[in-house]
Amino acid sequence: MDSIQLQNNLTKVYQSIDAIYPLASNYHLIAVTKTVSDKVIRALYQMGVSHFGENRPQILAEKAVELQDLKEIQWHFIGRLQTRQVKTILPYVSYIHSLDRLSLAQEIQKRATQQVKCFVQVNVSGEATKTGLSVDETMSFIEQLQEFSMIQVVGLMTMAPFNYSQEELHRDFKKLKQLQETVVAQNWQHAPCRELSMGMSQDYLIALEEGATFIRVGTAITQGVE
Ligand SMILES: *Cc1c(COP(=O)(O)O)cnc(C)c1O
C-alpha cells in the first residue's frame, strides 16, 4: 500500500474543494473504499477521515469487524440493498444511502434495534440503469415512511450518469436540492431531510456547488494506492 500516494490523493481532493469553497465546512467526505483493503481504510482514518462507504453488505460487515478499534469510524452503505442483506449491515452502519422501496423499509423496521439514518435514493436522471425512485414518486414514498418508527429520513441521495455534461449535472443536482427543500417544508417528524448525498470523483465539486452535504469519493482518493 502506497501511503504517500494516498496522502497526495486525499490532499488533492481537499485542495480542489478549498480552491473553490475556501469556507466550506458544511460537508462530509465519505471515502468510498469498495476497491481497497482494511489497510487503506486504517491509513485514511489516521489522516483524519472518519466516514467510509461500501457497497457490498458482507464486505462492509467484515471490514467493520476488522476495524472496530477505530472508535470514531462511521460506515455508510451506498449500494443496492437486497432485503435479505439488511441484517448483515445493521449492526455496523451509521447511514444507509439506498432506501428506495417499502419492502426494504419493512425489513429495516423489523430488524433494527435503534433508529436508522436513511437517505432516500432518487433517480433524478431517469436513466434506466440507475436505481432509485423517480422525482415524482419521492414525496409520497417519504410520506409513507411515517409508519416506520425505526427509520429516520436524514436526506436524499442520487447518482448521476457517467456521461453527463456539466450542465446536466448542475440541473439534476439542483432538482434534488429542490426536492429536498420540498420535503423539509413538510415538517415531517420522521423526515428532517437536511442532508444531500451527491457527488462522486467526477462531479463532487459541482455537487458541492449545488448544496451537497455528503460527497462520496472513491477513485480520486484510492487510485494508484494498491
Ligand atoms: C463507487 C461509488 C461511488 C464512488 O465512485 P467514484 O467514481 O470512484 O468516486 C459513489 N457512490 C456510489 C453509490 C458508488 O457505488
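All ligand and atom numbering here is 1-based and tracks the order in the structure.
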With heavy atoms and a 4.0 Å threshold, my read on which part of Met159 contacts ligand 1 is side chain
On a heavy-atom basis, the closest approach of Ile108 and Cys118 is CD1-SG, 4.3 Å
If we number the atoms of ligand 1 from 1 as shown, the ones under 4.0 Å from a heavy atom of Thr219 are 6 (P), 7 (O), 8 (O), 9 (O)
So for His97 against ligand 1, with non-hydrogen atoms under 4.0 Å, the contacting part is neither
- Indicate whether any N or O donor in one side chain lies under 3.5 Å from an N or O acceptor in the other, for Glu168 and Ser165. yes
Judged by heavy atoms only, the candidate from Met200, His76, Met157 nearest atom 3 (C) of ligand 1 is Met200
Minimal heavy-atom distance between Trp75 and Lys63, with the atoms involved, is CH2-CB, 3.8 Å
Going by chain and number, the hydrophobic cluster around Val32 (ILVMFWY, side chain to side chain under 4.5 Å) further includes Ile78
among protein heavy atoms, the one nearest atom 13 (C) of ligand 1 is Ile78 O, 3.2 Å
Next on the checklist: Any nitrogen or oxygen of Val217, side chain or backbone, less than 3.5 Å from one on ligand 1?
Outcome noted: no
Nitrogen or oxygen atoms of Lys34 and ligand 1 under 3.5 Å apart:
yes
Between Ile142 and His190 the two heavy atoms that sit nearest each other are O-NE2, 2.7 Å
Near Arg216 (heavy-atom distance under 4.0 Å), the atoms of ligand 1 are 4 (C), 9 (O), 10 (C), 11 (N), 12 (C), 13 (C)
Distance-only criterion, 3.5 Å: show the donor-acceptor pairs between side-chain atoms of residues 206-226 and protein atoms not counting sequence neighbours.
| residue | atom | partner | partner atom | Å |
| --- | --- | --- | --- | --- |
| Glu210 | OE2 | His170 | ND1 | 2.6 |
| Glu210 | OE2 | Lys174 | NZ | 3.1 |
| Thr213 | OG1 | Glu195 | OE1 | 2.7 |
| Thr213 | OG1 | Leu196 | N | 2.9 |
| Arg216 | NH1 | Thr158 | O | 3.3 |
| Arg216 | NH1 | Ser197 | O | 3.0 |
| Arg216 | NH1 | Ser197 | OG | 2.9 |
| Arg216 | NH2 | Thr158 | O | 3.1 |
| Thr222 | OG1 | Gly218 | O | 3.3 |
| Glu226 | OE1 | Ser37 | OG | 3.4 |
| Glu226 | OE2 | Ser37 | N | 3.0 |

Q | Modelled atom types, side-chain donor and acceptor of Asn123 and Ser125, under 3.5 Å | A | yes
When distances are taken from atom 9 (O) of ligand 1, the protein heavy atom at minimum range is Ser201 OG, 2.5 Å
